[in-house]
Amino acid sequence: MEPTSLTMPYATGDRQRTLAFYVAALCSLGGLLLALLLPALWPLAVSTCAALAFAWLMHTHPLVQHVEYFCADEDGLRYVHAPGPEGQVSHYKWTELRSVTAETGAGTPRLIVQTGRGALQGATVALPMPSAVDCQAAAAAATQWLSAYRL
């Protein structure tokens, strides 16, 4: 079986990278303004270099990255509550799970996980999902892995 992984956009908020974007954009616009005011070629060269630097930054360091928030594979189910360096991640092994269902009614779609873990025997955990489609896909993948593991 193939692992199922769901991703979502995440803005990292890295200040140094954001500062580099602002400096490149400011140099590009400043060079264009100077090229219009001065009859010299050097402001246009500055503007072109800054625009190329901005394009390189956008290519190598995008402001928004896609991060994994749900994964169902042979190890179990993994859900990321908050992406980033300080983010909380929940891991559930297939031996700890009793059932996984999707709840897409009114409000936020949620993945309902019933565990059989330690002191939480039969505890129900609701994991919020960004969309009903993702919730249905996650529930289907987890149910398929759970049924394959139980065989």
Side-chain angles (χ1 to χ4, degrees), residues 1-34 46-151:
M1 290 180 54
E2 291 294 318
T4 300
S5 177
L6 300 175
T7 61
M8 67 182 206
Y10 173 68
T12 59
D14 185 7
R15 289 182 184 243
Q16 291 176 343
R17 183 173 56 200
T18 304
L19 181 63
F21 278 109
Y22 284 134
V23 167
L26 185 65
C27 288
S28 181
L29 292 174
L32 282 176
L33 183 64
L34 283 174
V46 168
S47 178
T48 303
C49 289
L52 289 173
F54 187 81
W56 177 78
L57 282 170
M58 286 296 285
H59 178 70
T60 58
H61 303 292
L63 291 175
V64 176
Q65 299 174 345
H66 289 276
V67 295
E68 180 181 76
Y69 71 93
F70 174 84
C71 181
D73 58 13
E74 61 273 354
D75 295 329
L77 187 137
R78 184 174 57 251
Y79 179 82
V80 179
H81 296 274
E86 301 89 30
Q88 178 187 357
V89 179
S90 294
H91 296 275
Y92 299 98
K93 294 181 181 178
W94 296 122
T95 56
E96 300 172 338
L97 295 178
R98 291 187 178 171
S99 68
V100 179
T101 57
E103 184 179 287
T104 58
T108 303
R110 298 181 303 174
L111 193 66
I112 306 298
V113 177
Q114 189 171 15
T115 68
R117 182 186 280 181
L120 299 175
Q121 291 291 333
T124 301
V125 180
L127 305 172
M129 301 294 275
S131 70
V133 174
D134 281 0
C135 189
Q136 294 289 343
T143 303
Q144 187 177 16
W145 274 98
L146 195 56
S147 64
Y149 182 79
R150 287 186 178 161
L151 292 178

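A heavy-atom distance below 4.5 Å is not found between the side chains of Asp75 and Trp94. Contact check for Tyr92 versus Thr115: side-chain heavy atoms found under the 4.5 Å cut-off. Between Tyr69 and Met129 the shortest side-chain heavy-atom distance falls below 4.5 Å. Between Glu74 and Trp145 there is a side-chain heavy-atom pair separated by less than 4.5 Å. The side-chain heavy atoms of Glu68 and Val80, taken from C-beta on, include no pair separated by under 4.5 Å. At least one side-chain heavy atom of Val125 sits under 4.5 Å from a side-chain heavy atom of Leu127. Side-chain contact between Cys27 and Tyr22 is absent, with no heavy atoms from C-beta onward closer than 4.5 Å. Between Leu97 and Leu77, some side-chain heavy-atom pair lies under the 4.5 Å cut-off.
Summarising the geometry, atom OG belonging to Ser99 is positioned 8.0 Å from atom CG belonging to Leu146; distances are rounded to the nearest 0.5 Å. Taking SG of Cys135 as the start and CZ of Phe70 as the end, the distance is 9.0 Å to the nearest 0.5 Å. In this structure, Leu57 CG and Leu52 CG are separated by 11.0 Å, a value rounded to the nearest 0.5 Å. Rounding to the nearest 0.5 Å gives a distance of 11.0 Å between CG of Asp73 and CD of Glu2. Note that the CZ atom of Arg78 and the NE2 atom of His91 stand 6.0 Å from one another [nearest 0.5 Å]. Taken to the nearest 0.5 Å, the CG atom of Leu111 stands 9.5 Å off from the CG atom of Leu6.
Ala25 approaches Phe54 most closely through the heavy-atom pair N-CD1, 4.1 Å. Of all heavy-atom pairs between Leu32 and Ser47, the closest is CG-OG, 3.2 Å. Residues Ala132 and Pro109 share a closest heavy-atom pair of N-CG, 3.5 Å.
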- prompt: Stepwise, does the side chain to side chain contact (heavy atoms under 4.5 Å, CB included) test hold for Thr104 with Gln136?
  reply: CA-CA 8 Å; Thr104 58; Gln136 294 289 343; 3.5 Å; yes
- request: Starting from the C-alpha separation in whole Å, work towards a yes-or-no answer on side chain to side chain contact (heavy atoms under 4.5 Å, CB included) for Leu34 and Val46.
  value: CA-CA 10 Å; Leu34 283 174; Val46 168; over 6 Å; no
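Between the side chains of Thr124 and Gln114, not a single donor N or O lies within less than 3.5 Å of an accepting N or O.
Side chain of Thr143 to main chain of Ala140: no donor-acceptor pair is present (N/O by atom type, distance under 3.5 Å, no hydrogens or angles). Formation of a donor-acceptor pair under 3.5 Å by the Ser28 side chain with backbone atoms of Ala24 is not found in this model.
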